[in-house]
Structure formats: C-alpha cells, structure tokens
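As structure tokens, the structure follows; a few thoughts come after it.
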Amino acid sequence: MVAARHWSEEVFALLRKYRADLISYVPDAGHAKLIDRCRADIETRVVPLTTEEEGVALATGAWLGGTRHVMLMQSSGVGNCINMFAMLKTCQVPFLTLVTMRGDFGEFHPWQMPMGQGTPAALGLMDFIVLRADAARDVAPTVEAGLRFAFNSYNRVAVLFGQRLLGAKDFRTVRE
Amino acid sequence: MKLDRRKVVAELLTERGALVVVAGLGACAWDITAAGDTALNFPLWGGMGAAAMVGLGLALAQPRRPVLVITGDGEMLMGMSSLATIAVQRPDNLSIVVLDNEQYGETGHQATHTAMGAELPAIARGCGFDHASTITKMGAVAELRNTIHDRAGLRFAAIKITPADYPKALPPRDGAWLKHRMRVALLGEQAHA
C-alpha cells in the first residue's frame, strides 16, 4: 500500500509548476515539511528570514529582476508586515504568501489569539485576496488559485492554512 | 573626514554601465536622481528598512549584474537584521553602501544610533559579510566603485558624510511605473509575458 502524499508535496509541485524559484520563510511547524522539501530542491533558492518584512522587500526586488517569490510564514508575521505591504500595493508587485494559522480553531495559547483572529482583517487592510484551506484535499486547489491570482492576474494574495488542517498544539497533557 | 554626499554618489555611479541601483527613501533617492535618473534606478519613496532586501531580491534574480544599494544610516538601522539574512545568501554581485550622516535628515536632524556608538560595518562583519569598511576619503570611494563593478563579493561600506542638505532632486514617484520601467530595462519583452 502506498502512503498518501502529504499536502506539502502537492504545494511544492505547484511552486515548481508556477516557477516560484525563490522561497523565503520564517519557520513554523506547519511549514516544516514544505521548507525541507524546498531546501532539498536544486532549482529553488531558499532564503531564511529573521522577520517577515524582509520577505516583502525581497519579493519586490525579485520581481523587479524577473523572479517569482513566495513567502512562508505564520499568522503572527502578518502583523509585522503591514507597512511593507503598502509597497506591494503602491508598486503593484504580485505577491503570494502561505500563512499557517495560530489563534485559530482549537487554539490553546491565549497570546496567539489577537493576531490570529486579526489576520484576515490585517490582510484586508492592504487589499490582499485572502484564501483559506482547512482540509488536506483543499490545499492544492487553493494554493493553485493563489498562484494564479498572484502571477497571472498580478494581485497580492495570502493563503491561510487553518488549524483544522494543521492541528492545534496543546502544551499540557490534557485530561478531559 | 566627512565627505559630500552628492560627490560620493556621483563617484559611485561613474560610468555605471549595467549597474542596478536601489536607493533608500529620502535623501539617498534624491542623490541617485541628481546623478541621473535612469531605468536601472529604483528609488524608494517608502518602505523604510526595505532597501537592502530589495537589493538582495534583485541580486538573486540578476546574478550577472552588479547591484548597489545606497541608503541612509536611519534606513539601514531599521532594516538591520536583513544584514544577517543577506550574509547567509552571500550574493557576490551585491554591495550595500550606507551614506552615514549620523542623523535623520528628513525629519529634523535628530541623531541616529550611529552618532551614539552603533557601528554598522562591525554589525555587517558580525553577520558574516566578508568585506565591510568605513570610508572617510574620496580615494576609497573610487576604489569601492571599481570593486562594485567587479562583482568581487558581498560588500558593505559606511561612508561618513556631512549632514548638509541639498535641493531635492525628485525621481518619478509612481511606484508601479518605476517598477515597470526597471523590468522592461532588465527583461525586455519578458516584462509583459
């Protein structure tokens, strides 16, 4: 019996299909498999960031030079980026970010709640198209729609991966 | 000795050929424009802290061209952690030059952290830059101009300049147009593909 492919393999295949040759990330457990997959690929340049604003500026420079970039981050990072997102809008730079959600379905950690719940509105402030996947079967078609919105029709797009997909981390051993 | 910013930039952009230039917002954008506005200039009007990373994106996308970021000390301080990110990538065609007047000129000449002890070249070295220097002589600026064109390794330089204000030489301010102008210059027909 063949094990089902993890959705991150499908996402990676789409990044290659749409020639997103430059991938930046701020790590998150939900992105770990995809980051490893990108790092193992000889055609993909992977840029670890210290903070998410860097990825927005990187995307702008890469697009100026003809390279497609996609940023992987956690929802907390969306809040860090707001002013830099203005540059994408002003310069009409196509942009796609894949965002793993915290402060979402089943969250244990109270400090994650404000930014997690505020993430769609924060993206909306800068006119992002916000797509969302909450089940493994929805990931690939949603990411492909995001790639098309970004690089075919020149939009700023975020695809949110919900905690129903990723699972919510619980720091305790729960007895309920 | 503290140098004159417009003379420094004119020297750095002498016979610039294929050189792509990103300028941080404010006086540096006016400086590169005073030296001659071209399609290979990307003067930022916002995105404070972005200049070095925009340069990295260009350097990775256009590895055969030299890419020069010219920015101010305040702008570089805001994007300081990007020096760590850039050093990890180590593109040999990227140079970052900070015109360091130790103050925020656009907002009323408040002192920056470089006036109070922060040494940006030491920070760049600490992040892993192979070449990082402080420049106080015009002769060294001319040498720097040549090494930039040689694509001889990732490079950082802080050039100490006087805080003199010059008349603003304003570049076009439509960001979408500036972007498209550079893409057409770098990519030709592929810019619209």
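Every chain is numbered from 1, with letters handed out A, B, ... down the list of sequences.
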> For chain A, which of B/Val54, B/Val22, B/Val20 has the most heavy-atom pairs under 4.5 Å?
Replying inline: B/Val54

> What part of B/Leu187 is in contact with chain A, defined as an atom under 4.5 angstrom from a non-hydrogen atom: side chain, backbone, both or neither?
Replying inline: side chain

> How far apart are the closest heavy atoms of B/Gly49 and A/Met84, and which atoms are they?
Replying inline: C-CE, 3.8 Å

>> If I compare all heavy atoms of B/Met53 with all of A/Ala57, which pair ends up nearest, and what's the gap?
In response: CB-CB, 3.5 Å

> Which bit of A/Leu64 comes within less than 4.5 Å of chain B, counting heavy atoms only: side chain, backbone, both or neither?
Replying inline: both

> Same hydrophobic cluster for B/Val21 and B/Val69, using side-chain heavy-atom links shorter than 4.5 Å among ILVMFWY?
Replying inline: no

> For A/Val93 and B/Lys179, which heavy atoms make the closest approach, and how far apart are they?
Replying inline: CG2-CD, 4.2 Å

> Given a strict heavy-atom distance threshold of 4.5 Å, which part of B/Ile86 is in contact with chain A: side chain, backbone, both, or neither?
Replying inline: neither

> When hydrophobic residues are tied together by side-chain contacts of less than 4.5 Å, even through go-betweens, does A/Met101 share a cluster with A/Phe108?
Replying inline: no

>> Taking A/Leu15 as the starting point, is it possible to reach A/Val26 by hopping between hydrophobic residues whose side chains are less than 4.5 Å apart?
In response: yes

>> Is it the case that over 12 heavy atoms from other parts of the model lie below 6.0 angstrom from the CZ atom of A/Phe105?
In response: no

>> Counting neighbours of NE2 on A/His109 that are heavy atoms of other residues, nucleotides or ligands and sit closer than 6.0 Å, is the number greater than 12?
In response: yes

> Non-hydrogen atoms of chain A under 4.5 Å away: do they reach the side chain of B/Ala185, the backbone, both or neither?
Replying inline: neither

> Contact part of A/Val46 toward chain B, heavy-atom cut-off under 4.5 Å: side chain, backbone, both or neither?
Replying inline: backbone

> How close do A/Thr50 and B/Ser81 get, heavy atom to heavy atom, and via which atoms?
Replying inline: OG1-OG, 2.7 Å

> Which region of A/Phe151, side chain (C-beta onward) or backbone (N, CA, C, O), has a non-hydrogen atom less than 4.5 Å from a non-hydrogen atom of chain B, or is it both or neither?
Replying inline: neither

> Passes side-chain contact (heavy atoms from CB on, under 4.5 Å), A/Thr67 versus B/Leu60? Steps please.
Replying inline: CA-CA 8 Å; A/Thr67 294; B/Leu60 295 179; over 6 Å; no

> Considering residues, nucleotides and ligands other than B/Glu119, do more than 12 of their heavy atoms fall under 6.0 Å from its CD?
Replying inline: no

> Heavy-atom distance under 4.5 Å to chain B: side chain of A/Glu54, backbone, both or neither?
Replying inline: both

>> More than 12 heavy atoms of other residues, nucleotides or ligands under 6.0 Å from CZ of A/Arg16: yes or no?
In response: yes

> Going by heavy atoms in the side chains, are A/Cys91 and B/His180 under 4.5 Å from each other?
Replying inline: no

> Can you name the closest pair of heavy atoms from A/Pro48 and B/Val88 and give their distance?
Replying inline: CG-CG1, 4.3 Å

>> Nearest 0.5 Å, please: how far is CH2 in B/Trp45 from OG1 in A/Thr90?
In response: 12.0 Å

> Same cluster or not: are A/Val11 and A/Val157 linked, directly or through other Ile, Leu, Val, Met, Phe, Trp or Tyr residues, by side-chain heavy atoms under 4.5 angstrom apart?
Replying inline: yes

>> Side chains of A/Arg45 and B/Gln89, heavy atoms from C-beta outward: is any pair under 4.5 Å?
In response: yes

> Is there a chain of hydrophobic side chains (I, L, V, M, F, W, Y, each step under 4.5 Å between heavy atoms) that links B/Ile32 to B/Trp30?
Replying inline: no

> Which of the residues A/Lys89, A/His69, A/Gln92 is involved in the greatest number of heavy-atom pairs with chain B at under 4.5 angstrom?
Replying inline: A/Gln92

>> Tell me if the CD atom of B/Glu15 is crowded by more than 12 foreign heavy atoms within 6.0 Å.
In response: no

>> Give me the atom names and distance for the closest heavy-atom approach of A/Met87 to B/Leu44.
In response: SD-CD2, 3.8 Å

> Picking from A/Val56, A/Val47, A/Asp21, A/Thr60, which has the most non-hydrogen pairs under 4.5 angstrom with chain B?
Replying inline: A/Val47

> Who among B/Ala52, B/Ser82, B/Ala191 has the most heavy-atom pairs with chain A under 4.5 Å?
Replying inline: B/Ser82

> CG/A/Leu22 to CG/B/Leu56 distance, rounded to the nearest 0.5 angstrom?
Replying inline: 7.5 Å

